[in-house]
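Worksheet: one structure, shown below.
Hydrogens, waters and symmetry mates are skipped; everything else that's a heavy atom, side chains included, is used.
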Amino acid sequence: MLPFISTEQALNRQLLNLRQEAEHICGGKAFILDLQPAIGMDAGARFKAYVDGIHPKSQTYEAMGSYAAPLIWQWLKEEKEA
């Protein structure tokens, strides 16, 4: 799973670099789960999603689970067929 983009701009550059490096190293070798679309990328969506700018609210965890479930099921189905 890739790290989340926060509301802390100073931290986000490091997080974006870490996300890119993880994709570069693991891409095609491991299932990479990016839950950021469930949170949102724009500042307003991120502000609503986090308790303190970094830690997700319970509703955000629910949204991430709903977003991730079909992706994981599809990955498992493809793995079973491979």
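- Follow the hydrophobic side-chain contacts under 4.5 Å out from Leu71 and you reach Leu76 in the same cluster.
- Note that CD of Glu21 is 8.0 Å distant from CG of Leu18, once rounded to the nearest 0.5 Å.
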**OP:** Run the numbers on Ile32 and Leu2 for side-chain contact (heavy atoms from CB on, under 4.5 Å), then give the verdict.
**Re:** CA-CA 7 Å; Ile32 298 175; Leu2 297 176; 3.5 Å; yes
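- Side-chain contact between Arg46 and Asn12 is present, with at least one heavy-atom pair separated by less than 4.5 Å.
- Atom CD of Glu8 sits about 11.5 Å away from atom CD of Gln14, to the nearest 0.5 Å.
- Using a 4.5 Å heavy-atom threshold, the side chains of Phe31 and Ile72 count as touching.
- Atom CD in Glu23 sits 7.5 Å away from atom CD in Gln20 (nearest 0.5 Å).
- Within 6.0 Å of CZ in Phe47 there are 12 or fewer heavy atoms belonging to other residues, nucleotides or ligands.
- Contact annotation: the side chain of Tyr67 never approaches that of Met64 to less than 4.5 Å [non-hydrogen atoms, C-beta and beyond].
- Two residues are said to be in side-chain contact when any heavy atoms from C-beta on lie closer than 4.5 Å; Phe4 and Gln36 meet this criterion.
- With contacts defined as side-chain heavy-atom distances shorter than 4.5 Å, the pair Ile39/Ile5 does not qualify.
- Between Leu15 and Ser6, some side-chain heavy-atom pair lies under the 4.5 Å cut-off.
- In this structure the side chain of Thr7 never reaches within 4.5 angstrom of the side chain of Ile54, judged on heavy atoms.
- Taking the side chain as every heavy atom from C-beta outward, Thr60 and Lys48 never approach each other to under 4.5 Å.
- Taken to the nearest 0.5 Å, the NZ atom of Lys57 stands 12.5 Å off from the CD atom of Glu62.
- When all heavy atoms are compared, the tightest approach of Ala63 to Ala38 is O-CB, 3.8 Å.
- Of all heavy-atom pairs spanning Ala45 and Gly40, the tightest one is CB-CA, 4.0 Å.
- Residues Pro37 and Asp34 approach most closely at CD-O, 3.4 Å, considering heavy atoms.
- By the criterion of side-chain heavy atoms lying less than 4.5 angstrom apart, applied directly or through intervening Ile, Leu, Val, Met, Phe, Trp or Tyr residues, Met41 is not grouped with Leu33; the two fall into different hydrophobic clusters.
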